[in-house]
Amino acid sequence: MKQFWLMKSEPEAFSLEDLKAQGAKGEHWDGVRNYQARNHMQNMQQGDLVIYYHSSCKPAGAVGVAKVIKEAYPDFTAFDHTERYYDAKSDPENPRWFMVDINYTKTLKNMVTLKDIKANPLLSDMQLVTHARLSVSQMNEDHFNEILAMSTL
DNA sequence: GCCAACGTTGGC
DNA sequence: GCCAACGTTGGC
């Protein structure tokens with residue numbers, strides 16, 4: 001069964017345009033160091049759709065759609081002490097952190113801001129709203145379709 | 001840049 | 001296993 005997700009990125013670090021520039025090969029989503037977010041990535045399946053969300057910018061909001069093209073595998077940046085997200089507790093024999101690959105699918109016609117999302121009662125139970133700090137969150141198909149509908153208003 | 005929310009760590 | 005201290009996220 002297809003699942004739907006929302007992934008946050010700071011556009012100054014890696015924007016939807018940056019993902020688009022990667023083309024079909026997409027990008028690996030390294031650096032997630034939160035267990036709940038990791039668990040979501042481990043539950044992702046190839047072909048799942050992702051709302052791409054720009055955070056820590058004005059305004060923050062959903063800007064596009066991406067697709068899961070490779071299921072969870074160890075986040076090798078955790079093993080490299082020169083990396084920002086190095087974690088001495090993640091052992092290559094028993095990795096603690098995982099990542100998936102996603103690629104660009106589309107840009108929303110209009111950004112759907114966090115304000116818009118919070119103002120829509122149909123989206124009030126989205127994990128983005130109930131669990132604001134989580135960088136990888138779940139949503140259902142109705143949430144996904146509602147955001148796409150809002151983006152063309 | 002501030003600060004509220006909240007996840008993680010470590011001492012006990 | 002509790003909880004205080006600390007660090008991080010992310011909206012504004």
Side-chain angles (χ1 to χ4, degrees), chain A residues 3-22 26-44 48-68 72-140 142-144 146-153:
Chain A
Q3 303 171 94
F4 298 86
W5 311 96
L6 181 144
M7 294 169 91
K8 294 182 186 174
S9 182
E10 296 184 17
E12 286 187 21
F14 194 80
S15 70
L16 182 66
E17 286 304 304
D18 293 328
L19 183 65
K20 186 176 185 179
Q22 292 298 105
E27 183 63 280
H28 55 271
W29 210 251
D30 63 280
V32 171
R33 299 290 180 266
N34 169 283
Y35 291 103
Q36 237 184 314
R38 179 203 67 183
N39 294 345
H40 282 329
M41 290 200 295
Q42 289 183 306
N43 287 329
M44 289 182 184
D48 284 356
L49 293 175
V50 175
I51 292 289
Y52 201 96
Y53 179 97
H54 280 172
S55 65
S56 299
C57 58
K58 15 99 202 145
V63 291
V65 178
K67 191 192 302 174
V68 176
Y73 59 107
D75 181 343
F76 49 78
T77 68
F79 309 140
D80 180 349
H81 72 277
T82 65
E83 289 281 348
R84 177 175 173 199
Y85 294 108
Y86 171 67
D87 181 358
K89 292 175 182 163
S90 189
D91 176 353
E93 297 300 312
N94 183 23
R96 174 179 291 204
W97 303 116
F98 288 78
M99 57 189 174
V100 296
D101 288 0
I102 62 173
N103 71 11
Y104 170 86
T105 300
K106 68 179 286 188
T107 300
L108 298 182
K109 187 175 169 194
N110 297 114
M111 181 187 209
V112 180
T113 66
L114 180 61
K115 193 179 168 200
D116 296 335
I117 290 169
K118 284 183 170 170
N120 186 335
L122 296 175
L123 302 177
S124 62
D125 58 341
M126 266 182 70
Q127 211 174 16
L128 173 73
V129 177
T130 62
H131 228 110
R133 296 191 357 161
L134 195 57
S135 65
V136 178
S137 64
Q138 265 181 323
M139 66 172 77
N140 64 35
D142 291 339
H143 297 144
F144 183 86
E146 181 65 12
I147 287 175
L148 291 198
M150 289 166 80
S151 76
T152 61
L153 291 177

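Below, chains carry the letters A, B, ... as their sequence lines are ordered, and counting in each starts from 1. Values reported hereafter were calculated over all heavy atoms of this structure, with side chains retained and with hydrogens, waters and symmetry mates removed.
Sorted by first then second residue, the salt bridge (Lys or Arg N to Asp or Glu O under 4.0 Å) pairs that include residues 31-42 of chain A, not counting sequence neighbours, are A/Arg33-A/Asp75.
If you check every strand for non-hydrogen atoms under 4.0 Å, A/His54 touches nothing. At the heavy-atom level, A/Lys8 lies under 4.0 Å from the strands shown only through sugar-phosphate atoms. Residue A/Ser56 is in base contact, counting any heavy-atom pair closer than 4.0 Å across all strands shown.
Counting to the nearest Å, the P atom of B/dT9 and the CZ atom of A/Arg33 are 12 Å from each other. Rounding to whole angstrom units, CG of residue A/Asn34 and C1' of B/dT9 are separated by 15 Å. Rounded to an integer number of Å, the gap from A/Arg133 CZ to C/dG11 C1' is 12 Å. At whole-Å resolution of the value, CE in A/Met7 and C1' in C/dG10 are 17 Å apart. Nucleotide B/dT8 holds its P atom 7 Å from the OH atom of A/Tyr35, rounded to whole Å. In this structure, A/Glu12 atom CD and C/dG10 atom P are separated by 14 Å, rounded to whole Å. For the pair A/Leu114 CG and C/dC12 C1', the computed distance is 11 Å after rounding to whole Å. For A/Leu128 and C/dG10, the CG to C1' distance is 11 Å, given to the nearest whole Å.
In this structure, A/Leu134 CG and A/Leu6 CG are separated by 9.5 Å, a value rounded to the nearest 0.5 Å.
Taking the six-membered ring where the residue is Trp, the centroids of A/Tyr52 and A/Trp5 are separated by 6.0 Å or more.
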(request) Go through the steps to decide whether A/His143 and A/Leu128 satisfy the test side chain to side chain contact (heavy atoms under 4.5 Å, CB included), and finish with yes or no. (result) CA-CA 11 Å; A/His143 297 144; A/Leu128 173 73; over 6 Å; no

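Here A/His131 does not reach the OP1 or OP2 of C/dT9: none of its side-chain N or O atoms lies under 4.0 Å away.
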